[in-house]
Protein chains: 2
Amino acid sequence: MDLKEIAKQIGVSTATVSRVLNDQPGVSPEVREKVLKAAAEANYRPNPLARSLATSKSQTVGFVVHKEKYAFSDDPFYPLILSGVEDYLTQNGYHILITLLDEKEKQVQKLPIIDQHLVDGLILAGPFIQASSIMNVASTGIPFVLVDNVLSQYPVNCVLTDDEGGAYAGVHHLITDHHHKNIAFLSGPQEWISNRERLRGYERAMQESGLEARVIHAKETTIASGESMMRQALERWQDLNAVYGVNDSVAIGAIRAATKHGRKVPGDIAVMGFDDISWAAASQPSLSTVKIFTQRMGYLAAQCLLNSIQQPGLPPTKTLVTTELVIRESCGCQEK
Amino acid sequence: MDLKEIAKQIGVSTATVSRVLNDQPGVSPEVREKVLKAAAEANYRPNPLARSLATSKSQTVGFVVHKEKYAFSDDPFYPLILSGVEDYLTQNGYHILITLLDEKEKQVQKLPIIDQHLVDGLILAGPFIQASSIMNVASTGIPFVLVDNVLSQYPVNCVLTDDEGGAYAGVHHLITDHHHKNIAFLSGPQEWISNRERLRGYERAMQESGLEARVIHAKETTIASGESMMRQALERWQDLNAVYGVNDSVAIGAIRAATKHGRKVPGDIAVMGFDDISWAAASQPSLSTVKIFTQRMGYLAAQCLLNSIQQPGLPPTKTLVTTELVIRESCGCQEK
DNA sequence: ATCATTAACGTAAGCGTTTACATCAAAATT
DNA sequence: AATTTTGATGTAAACGCTTACGTTAATGAT
């Protein structure tokens, strides 16, 4: 059932039918009515491929993310982002083509979906895509937005969590509400923007209160690395009151290590994390943390992308999503 | 840069160029050579949309999964499936259009990607899609395969884990290697095929050894429901030696509850789970479990789907993926 | 009454492929 | 040598839309 048939049926041209179906002006109300009726009766669905070929718009966006981080991580961070993206895009009649990146795939702009003009825009998720690769994408002129990543050299559309503010709030809570002074920060790889920003938030909070920053670094942000960092911290600073984990996995590892060392959490040592993954509530003691609105990030990214697609030439936007303090047991609030 | 241009460049028709590019016979080696060279030099990429319009094949498959289970679950089960799917499909030049299902969306066959012929086939993941919906999809004639689900009334392509066999092996380990006799099974919703099959495996193992089956049911398979079931089990059976959780979250909940009740795991009570999620190794004690090859399931599903697409009329296939016993601390092996 | 403007609609040329069919020369058959 | 077969290639329609442009008649301005 195609345009031509329904045009023939009511004795108008395909152009008129097309106009009606695309809500374009230049067709009388009566004819419009007739077309709409015939289309509905015939249960007509325009062929998106033919439309795409004619308009060179696919009504499809690409979602690109690192395979390893996407599927093999402890918590479904990127799937949640995708879920938010999907919400907004399907509401607006767009489809999602997903591409998972291997380690080796450096040349993002060579991806089939881009190279073959299968998508109208791109969402590039995660800080694991090379800056040079992103620049290459930018130079193709295709609209795109970064999620959980930025480009320092160059202004681009991006959506990020306010990691600095979140970490600041968390540390501030330990300082102000619990009067802790000796607070260590268990960090992670500094190439990731989130880890850098969270560290900055911690440093600002400490500095504002005239406290000394105590930072331990690691190459990973897992339970194991959290345990390892906590052991180092306990050894190095005998007077430790509290630790702040760069994310929940690290914090949970820290609780483990502290407990094994015979320190009670939160009695002897308070612990806080970042992310609010689903296991945070199930930890023992349950983990106080800073919640990030992962799904919302995806939603906003999709919104930003559609804006860019539909209004070319818009200046790049940087969107920060605020966080929320989630108080549970591990910071010590329940003990007061 | 289109077909016509490169045809003109070397003085042949577009038909010939098309034949060469599609590896079709009827072109002399010399001309073929010339075309290939010109195409390479011009860095020519066929326009997939035009091709799809002409052939009515999109080289794209749809991946459909329940949004809630996809993104909000404790462990990235469906993302892993997707990753496996992606592996096989990209290897074969196919793209993936993803659709996340809301609660309310009952009419899978009405999804835009199907209705608008945007995909050549479908992967329907998870046991949350109504059987009637699946039948509707089947009646459209579009090739599809179920992952982590089956249709009892009707033979269809599906890929499943050998849940029955896995659970049998796990329980058998508790019986034979640890000489436990009083083993309870902490179950989950019976609508899910996996839960049913795991229960069956447990029952078979118990029966074969002449032991009495002890089953607790719950509406969920979370840590909380695991704790709750364990409390019930401990109350009901004083002589309990071991419990088998229908999945790792339940098993971890069971460990919690047992510990809170003053029972040592695995000393007083052995615990085993199913899935081998990433938190299983990090649990305390670390969880003995049955590993499922999630990514492989996706890979096989994709393979099955492409077979169906490329060779229409193939009879439906049911693929069972075997499991693997993962021995850690919670079953008691390390204590011997 | 004349001309310019506008609204409604049709015509047809794309969009970039594939492919059934036609053509033609060369090779094979008789 | 005449005829058939074969293989290589070209022609053009088709896929199902969109849209620039042309046509016509009605409206408004002078």
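Just so it is clear, the model here is predicted, and its values are computed rather than measured.
Here C/dG10 presents its C1' atom at 16 Å from NZ of A/K8, a figure rounded to the nearest Å. Between the CG atom of B/L21 and the C1' atom of C/dT17 there is a distance of 11 Å, rounded to whole Å. Taking atom OH of B/Y44 as the reference point, atom P of C/dG16 lies 10 Å away to the nearest angstrom. The separation between B/E5 atom CD and C/dT17 atom C1' is 14 Å, rounded to whole Å. Nucleotide C/dC9 holds its C1' atom 13 Å from the CD atom of A/E30, rounded to whole Å.
Nearest to the side-chain atoms of A/S13 among the listed nucleotides D/dG10, C/dT11, C/dT17 stands C/dT11. Minimum atom distance to the side chain of A/T14 is reached by D/dT18, of the listed D/dT18, D/dT9, D/dT11. Among C/dT17, C/dC15, C/dA12, the nucleotide with an atom closest to any side-chain atom of A/L53 is C/dC15. Checking C/dT11, D/dT18, C/dT18 against every side-chain atom of B/T55, the shortest atom distance belongs to C/dT18. Of all nucleotides listed (C/dT18, D/dG16, D/dT11), D/dG16 comes nearest to the side chain of A/D2. Nearest to the side chain of B/R19, among C/dA20, D/dC17, C/dG16, sits C/dA20. Comparing C/dT19, C/dT17, C/dG14 by their closest approach to the side chain of A/A54 singles out C/dG14. Checked against C/dT19, D/dT18, D/dG10, the side chain of B/V12 finds its nearest nucleotide in D/dG10.
Between A/F128 and A/H66, the angle of the ring planes lies from 30° to 60°, which puts this pair in the tilted group.
In this structure, B/Q24 reaches the sugar-phosphate backbone alone: every heavy-atom distance under 4.0 Å involves primed, P, OP1 or OP2 atoms, never a base. B/P46 comes within 4.0 angstrom of sugar-phosphate atoms only, judged by non-hydrogen atoms across all strands, and of no base. B/T16 comes within 4.0 angstrom of the backbone, heavy atoms only, and of no base.
Of the residues A/T294, A/L100, A/V65, the one that meets the side-chain contact (heavy atoms from CB on, under 4.5 Å) test with A/Y78 is A/V65.
Residue A/R45 places no side-chain atom within donor-acceptor reach of the base of D/dG16, judged by atom type and a 3.5 Å distance cut-off alone.
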- request: Let me see the working for A/F72 and B/Q295 under side-chain contact (heavy atoms from CB on, under 4.5 Å), right down to the final yes or no.
  value: CA-CA 10 Å; A/F72 293 86; B/Q295 201 186 17; 3.5 Å; yes

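Considering only side-chain N and O atoms, B/S18 lies nowhere under 4.0 angstrom from the phosphate OP1 or OP2 of C/dT19.
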